[in-house]
Amino acid sequence: MPAVLVPDRLTRHVAAGHPWLYVDAVPEVVGARTGDFVTLLGQGRRPIGHALFDADSPIALRVVGTRKDEQPGPALWRRRIEAAWRLRQTTLDLAATDAFRVLHGEGDRLPGVVVDLYAGCAVLKLDTPAWLPHLGDLTEAIVDVVRPRSLWFKGLSGQRGGDDVPAAQRPRVLAGEAPPERVEICEHGMRMHVDVRRGQKTGMFLDQRENRRLIRQVARGRETLNLFSYTGGFSLAAALGGAPRVTSVDLARNAVDAARDNFALNDLDPAAHGFVAADAFAFLEDTAGTTYDLVIVDPPSFAPNHKSVRAAEAAYARLNASALRQVRPGGLLAAASCSSHVPMDMFLKILSESARQARRPLRLLEVRHEPPDHPSPLHFPEGRYLKFVLALAE
């Protein structure tokens, strides 16, 4: 097995649980190809762990084990998946929910491997092609532990479709039956259709599940605006919670149509609500003066990398200020960010700037991170990406 000497300043980070080593922080890994396992060496060339090598990624090495009994291979993958499965069984309310994350990559010590379960249909997505040579072993372990009726491979994160995609990276059935065009799930009693083949991420944003439940709790009697609504998860939660009218805004027409269908699926009359295919910034500008009792702002990441953080700060501040101007006095603003490059303290400062721009003081009611099925190592701040803030607008 190839080996690499980890600089002294990084050995403690590896031992503490940080799962990444960047290409510019370690010596060249000689004799390794993408998908190979590499022995990590510390002081005195003593083995301190093993990592999966990716020759073409800024993250050159993803740590898969730091103990003697953690030799990379099928047995270790099975133990990690079994531990992740037990964690979900003991921390989630699965009596009313059949859609959740089974494997959260680094948080379940299988860095780069994501598996979501939608009513028995498992969807696998990889953050690195380094796992492709081990896909068969992963598939066998997932099927044996989770027992899904189907296992769909969604491909690599950030990968665009097309004929130039190598066959090994293309979406396909790995086990069981092919997933249906739409999978019907139940989330805290709320029914939704999910397109696991063509939908964003693995089909929907499961990390907002508990926040949708919160919106359902606070929406009674509140006319609601949901920006970046996608297939209407937050909108549906608000309507089922008693919001008399919900307006859902998303740039993608097919997402807006799916939101309308999800209302009908829950015996809610879509005609009693608004569904708008439009850019959220333009919508707020065009409807200036219109107000709501609850405004939900859940945009895509504005900061995909460190270089874009400053521009993202300005965009988040401007967006939330515009949204806040449409919140009636005593109403609620629910604001979210999914960028790991914008930590919670920065996001709260951004919302403070939004409140200043809108001249609308805010009082914090809830400040949340990821739910229990999206765990993160304590020594891995990059894994704490989700921010959700519920605030009262004066």
Side-chain angles (χ1 to χ4, degrees), residues 80-105 107-110 114-125 142 145-151 179 182-196 199 201-220 222 224 226 230-243 246 259 262-263 265-268 294 296 298 332 334 336 338 365-377 383-390:
R80 295 277 163 81
I81 294 169
E82 288 173 342
W85 186 245
R86 286 194 302 270
L87 181 65
R88 275 65 178 176
Q89 303 302 305
T90 57
T91 58
L92 300 180
D93 177 13
L94 300 182
T97 297
D98 60 11
F100 55 94
R101 178 149 293 184
V102 174
L103 282 175
H104 188 54
D108 288 300
R109 303 192 70 198
L110 283 175
V114 169
V115 176
D116 287 338
L117 189 66
Y118 298 99
C121 176
V123 182
L124 168 66
K125 199 174 183 69
I142 292 167
V145 174
V146 180
R147 301 289 182 181
R149 71 171 186 266
S150 66
L151 177 58
R182 297 188 301 175
V183 180
E184 183 178 323
I185 68 163
C186 180
E187 179 183 286
H188 296 305
M190 184 170 70
R191 292 179 294 162
M192 289 182 285
H193 283 135
V194 179
D195 184 345
V196 299
K201 302 297 183 179
T202 62
M204 68 175 295
F205 300 96
L206 292 175
D207 52 4
Q208 293 281 23
R209 180 187 59 251
E210 304 307 317
N211 297 328
R212 288 189 285 267
R213 188 180 193 181
L214 174 62
I215 290 299
R216 187 169 177 176
Q217 292 171 356
V218 303
R220 179 168 300 278
R222 298 183 184 275
T224 300
N226 181 18
Y230 189 42
T231 57
F234 277 118
S235 301
L236 188 57
L240 290 173
V246 181
N262 279 330
F263 269 61
L265 181 63
N266 288 267
D267 299 321
L268 295 170
L294 169 61
I296 303 162
D298 182 24
L332 301 177
C338 60
L365 303 181
E366 293 263 5
V367 176
R368 295 180 165 197
H369 286 285
E370 300 81 8
D373 54 334
H374 291 65
S376 177
R384 296 189 288 277
Y385 66 96
L386 184 64
K387 284 77 55 184
F388 184 88
V389 175
L390 183 67

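Given the structure is predicted, the values throughout are model-derived calculations rather than measurements.
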Kindly give the heavy-atom pair with the smallest separation between [X] and [Y], and that separation in Å.
X	Y	value
C121	S150	SG-OG, 3.2 Å
D207	N211	O-ND2, 4.4 Å
P372	L87	O-CD2, 4.4 Å
A219	L294	CB-CD2, 4.3 Å
R216	G189	NH1-C, 4.4 Å
A122	V115	CB-CG1, 4.2 Å

Any ion pair linking D116 and R101 (charged N to carboxylate O, less than 4.0 Å)?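 So R101 pairs with D116 through a salt bridge.
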
Without swapping roles, check the side chain of [X] against the backbone of [Y] for a donor-acceptor pair under 3.5 Å.
X	Y	answer
E370	Y385	yes
H369	L386	yes
D298	A336	no
N266	R191	yes
T97	H188	yes
R368	F388	no

Working to the nearest 0.5 Å, report the span between [atom1] of [X] and [atom2] of [Y].
X	Y	atom1	atom2	result
D195	Y118	CG	OH	10.5 Å
T231	M192	OG1	CE	7.0 Å
R384	H374	CZ	NE2	15.5 Å
W85	D108	CH2	CG	12.0 Å
M190	R209	CE	CZ	10.5 Å
L206	I185	CG	CD1	6.5 Å

Exactly one of L332, I296, L236 should register a side-chain contact (heavy atoms from CB on, under 4.5 Å) with I215. Which one does? I296

Would you indicate whether the side-chain heavy atoms of [Y] and [X] approach each other to under 4.5 Å?
X	Y	answer
F100	L94	yes
K201	K125	no
T91	D373	no
R88	V146	no

Give the C-alpha distance, both sets of side-chain angles, the deciding distance and a yes or no for side-chain contact (heavy atoms from CB on, under 4.5 Å) between M204 and E187. CA-CA 12 Å; M204 68 175 295; E187 179 183 286; 4.2 Å; yes

Apply side chain to side chain donor-acceptor pair (under 3.5 Å) to R80 and list each qualifying residue two or more places apart in sequence or on a separate chain. E70

CZ (R149) with more than 12 external heavy atoms under 6.0 Å: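 Yes, because the 6.0 Å sphere around CZ of R149 holds more than 12 heavy atoms from other groups.
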
Restricting to side chain to side chain contact (heavy atoms under 4.5 Å, CB included), what partner residues turn up for A239, sequence neighbours left out?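 Scan of A239 (side chain to side chain contact (heavy atoms under 4.5 Å, CB included), adjacent residues dropped) gives V246, F263, L268, H273.
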
